[in-house]
Amino acid sequence: MRLLDLSDTTADAVRSAGARLSDLMTPSLRLGVTGFARSGKTVFITALVRNLIAGGRLPFFAAMAQARIQRAYLEPQPNDEVPRFAYEEHLSELARDPPQWPLSTRRLSQLRVTIEYTPARPLRRMLGISRVHLDIVDYPGEWLIDLALLELTFKDWSRQAIAQAKEAPGGAAAAAWLGFAGSLSADQPAEELLAQRGAELFSAHLSQARRDSPLRLTLGPGRFLWPGDLAGSPLLTFFPLAPEAERGYRRGRLGAMLERRFESYKAMVVKPFFQEHFARLDRQIVLIDALSALNGGPGALRDLAGALDAILKPFRPGQNSWLWRTLGARRIDRVLFAATKADHLHHTSHDRLEALLRRLIAQAIARSSMAGAQVDAVALAALRATREAEAQAVAGRLPVILGVPLPGERLGQRVFDGRSETALFPGDLPEPEQILDANGDTPALPELDQVRFLNFRPPRLVLAPGAGEAVTWPHIRLDRALQYLIGDYLT
Ligand SMILES: Nc1nc2c(ncn2[C@@H]2O[C@H](COP(=O)(O)OP(=O)(O)OP(=O)(O)O)[C@@H](O)[C@H]2O)c(=O)[nH]1
Ligand SMILES: [Mg+2]
């Protein structure tokens, strides 16, 4: 071997060792993005990544506004066992003609964006460009609600779930499951086929209850609704059974089998999720579709308040001491609650939406005590699908929004075809105190009946701008959310 070859190879080895070393020293920030089904998680993550990578217009995101971001790019994610967030696919759905919203995604996924930036602090700036890995973890909000199961015995959970099923108004699936479960005795022999049939009927009831009232957010267990990679797993083969007596179940009997599987679900599904994913997050954003809850009326708002309360459970110290032991030193220090789809409202109502969200979470926080974590609220639209205008009405000029309602959306008698732009007066959002009173109750509000929101087509985006063309990604307050969630890591 010639000397030159050797020295080349050595230099390369030194270089790549250097790269590995600096990668080890690159801090990573794990951001959890959660929210209930259809709350806007996929659109939010796609928007966040796109705006970081392509340099979007983000005046309230200091590092971008001060032109300190040199480069942001996708890198292979660190955890091989977690599916990658399908960023490119979602972006290409938005770029179709006509543009489409991304398809529903209901499992855990992850994406790593590496950001290279010039530090703002003079001393650090002398050291040159810094790097941070942003690991974004997307998971269903329903899984957070499962934390409550850890405090329940199989019998308590069964009582609750049966009472809930009886409340489901006229649900055929609920009746079918209740009929089946009611015909069984805890003392009959444990048979696998019974467990499977019961679990199928129970899941069908939960899915129908959720379809009939999408805003009943605390239905669960979460994996029965959104199984993720557990679809078809024996860990989901159980169902609630009316307790017949306080004494324990006999070995080899149906009651004992279902109870054991319920305990396995807690030990092998719920706990590992908190240990492996939740406990390793640094920051968290909880996306909330408060406008759909407003559309659903007082009952839906009450359900939302209850669900937010449940979502905050993991942040309450003492309630689950094993969780706090697991969280250890590294624990979520900032949580942002975001009311999504703010573009369904005229900007004159954005502050009210934010204030309503603050009121909703204030009550949830008052009932707990959020150790350690700072909490804030924002009303945002990750991808703005509407424009604003004024229309002349008899009563004067009305602030309206313009957009293309999705095909099949209805307003009174009118059914939209998904092609034509429409001007809509969504109504003024009432003051938050009127919507939620001091007791956290939601009185019947005639004004609320006049507030109506439609779903719109996404806007046409210029994703590959030609010379002189700007990248377009209209949004509302996405930059403020970014500043709160990651801004301090880029100083
Ligand atoms: N107008 C408007 N609509 C939005 C926005 N974000 C989401 N949406 C609407 O909400 C729907 C759901 O958004 P997703 O991002 O898919 O929500 P998700 O939480 O990932 O939903 P799942 O994967 O089904 O749990 C979209 O199909 C859009 O109709 C937004 O910023 N503006
Ligand atoms: Mg999704």
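- Contact annotation: the side chain of His475 never approaches that of Leu380 to less than 4.5 Å [non-hydrogen atoms, C-beta and beyond].
- The nearest pair of heavy atoms linking Ala342 to Ala379 is CB-C, 4.2 Å.
- Put simply, the side chain of Pro459 reaches to within 4.5 Å of the side chain of Leu461, judged on heavy atoms.
- Gln374 places a side-chain heavy atom less than 4.5 Å from the side chain of Tyr484.
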Salt bridge (Lys or Arg N to Asp or Glu O under 4.0 Å) between Glu409 and Arg457, intermediate numbers included: CA-CA 11 Å; Glu409 286 289 292; Arg457 256 200 204 293; over 6 Å; no
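- Using a 4.0 Å cut-off between a side-chain N of Lys or Arg and a carboxylate O of Asp or Glu, Arg38 and Asp289 do not qualify as a salt bridge.
- The existence of a salt bridge linking Arg68 and Glu116 is excluded, since no basic side-chain nitrogen approaches an acidic carboxylate oxygen closer than 4.0 Å.
- Other residues, nucleotides and ligands place no more than 12 heavy atoms under 6.0 Å from the CZ atom of Arg410.
- Taking every heavy atom of both residues into account, Pro83 and Arg107 meet most closely at CB-NH2, 3.4 Å.
- Note that CG of Leu111 and CG of Asp138 are 10.0 Å apart. Values are rounded to the nearest 0.5 Å.
- Neither side chain, Thr114 nor Arg131, offers a donor N or O lying under 3.5 Å from an acceptor on the other.
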Leu304 vs Leu217, side chain to side chain contact (heavy atoms under 4.5 Å, CB included): CA-CA, chis, key distance, verdict: CA-CA 7 Å; Leu304 177 62; Leu217 299 169; 3.7 Å; yes
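- Take Phe224 and apply the ring-ring contact (aromatic ring centres under 6.0 Å, His included) test, not counting sequence neighbours, and it matches Phe202, Phe238.
- Tested against Asp376, the residues Arg334, Arg358, Arg477, Arg283 include a single salt bridge (Lys or Arg N to Asp or Glu O under 4.0 Å) partner, Arg358.
- In this structure, the side chains of Ile401 and Phe425 stay at 4.5 Å or more apart for every pair of heavy atoms.
- With hydrogens and angles left out, the side-chain atoms of Thr340 and Ser39 include no donor and acceptor closer than 3.5 Å.
- Listed here is the closest heavy atom pair of Trp226 and Pro140: CD1-CB, 4.1 Å.
- Residues Glu75 and Arg112 are not paired through a salt bridge, judged by the lack of any N-O separation under 4.0 Å between the basic side chain and the carboxylate.
- For Thr46 (side chain) and Thr42 (main-chain N/O), a donor-acceptor pair under 3.5 Å exists by modelled atom type.
- A cation-pi geometry, defined here as NZ or CZ lying under 6.0 Å from the six-membered ring centre and within 45° of its normal, holds between Arg71 and Tyr73.
- Residues passing the ring-ring contact (aromatic ring centres under 6.0 Å, His included) test with Phe44: none are found, sequence neighbours excluded.
- With hydrogens and angles left out, the side-chain atoms of Gln70 and Thr118 include a donor and acceptor closer than 3.5 Å.
- Nearest heavy atom pair, residue Gln77 against residue Val82, reads NE2-O, 2.8 Å.
- The only member of Phe36, Phe273, Phe85 that meets ring-ring contact (aromatic ring centres under 6.0 Å, His included) when paired with Tyr139 is Phe273.
- Side-chain atoms of Gln110 and Asp135 form no donor-acceptor pair, as typed in the model, at a separation below 3.5 Å.
- Nearest heavy-atom pair across Asp343 and Thr386 is O-OG1, 2.7 Å.
- Judged by the 6.0 Å distance and 45° axis criteria, Arg57 is not positioned over the aromatic ring of Trp473.
- With sequence neighbours excluded, no residue forms a ring-ring contact (aromatic ring centres under 6.0 Å, His included) with His350.
- Using a 4.5 Å heavy-atom cutoff, the side chains of Asn455 and Pro405 are not in contact.
- Between the CG atom in Leu308 and the CZ atom in Phe337 there is a gap of 6.0 Å [rounded to 0.5 Å].
- Within a 6.0 Å sphere centred on CZ of Arg419, other residues, nucleotides and ligands contribute 12 heavy atoms or fewer.
- Considering only heavy atoms from C-beta on, His205 stays 4.5 Å or farther from Gln164 through its side chain.
- The 12-atom threshold is exceeded at CZ of Arg352, counting heavy atoms of other residues, nucleotides or ligands nearer than 6.0 Å.
- Under the 3.5 Å distance criterion, the side-chain polar atoms of Arg280 are matched with a main-chain donor or acceptor of Glu276.
- Judged purely by distance below 3.5 Å, without hydrogens or angles, the side chains of Arg124 and Ser130 pair a donor atom with an acceptor atom.
- In plain terms, the two heavy atoms of Ile115 and Leu52 that are nearest each other are CD1-CD1, 4.1 Å.
- Arg106 and Ser104 are linked by a side-chain donor-acceptor pair at a separation below 3.5 angstrom, with hydrogens and angles left out of the test.
- Counting heavy atoms from C-beta outward, Leu94 and Leu383 have side chains that approach closer than 4.5 Å.
- Using a 4.0 Å cut-off between charged nitrogen and carboxylate oxygen, Asp97 and Arg460 count as a salt-bridge pair.
- A donor-acceptor contact shorter than 3.5 Å links the side chain of Tyr117 to the backbone of Tyr489.
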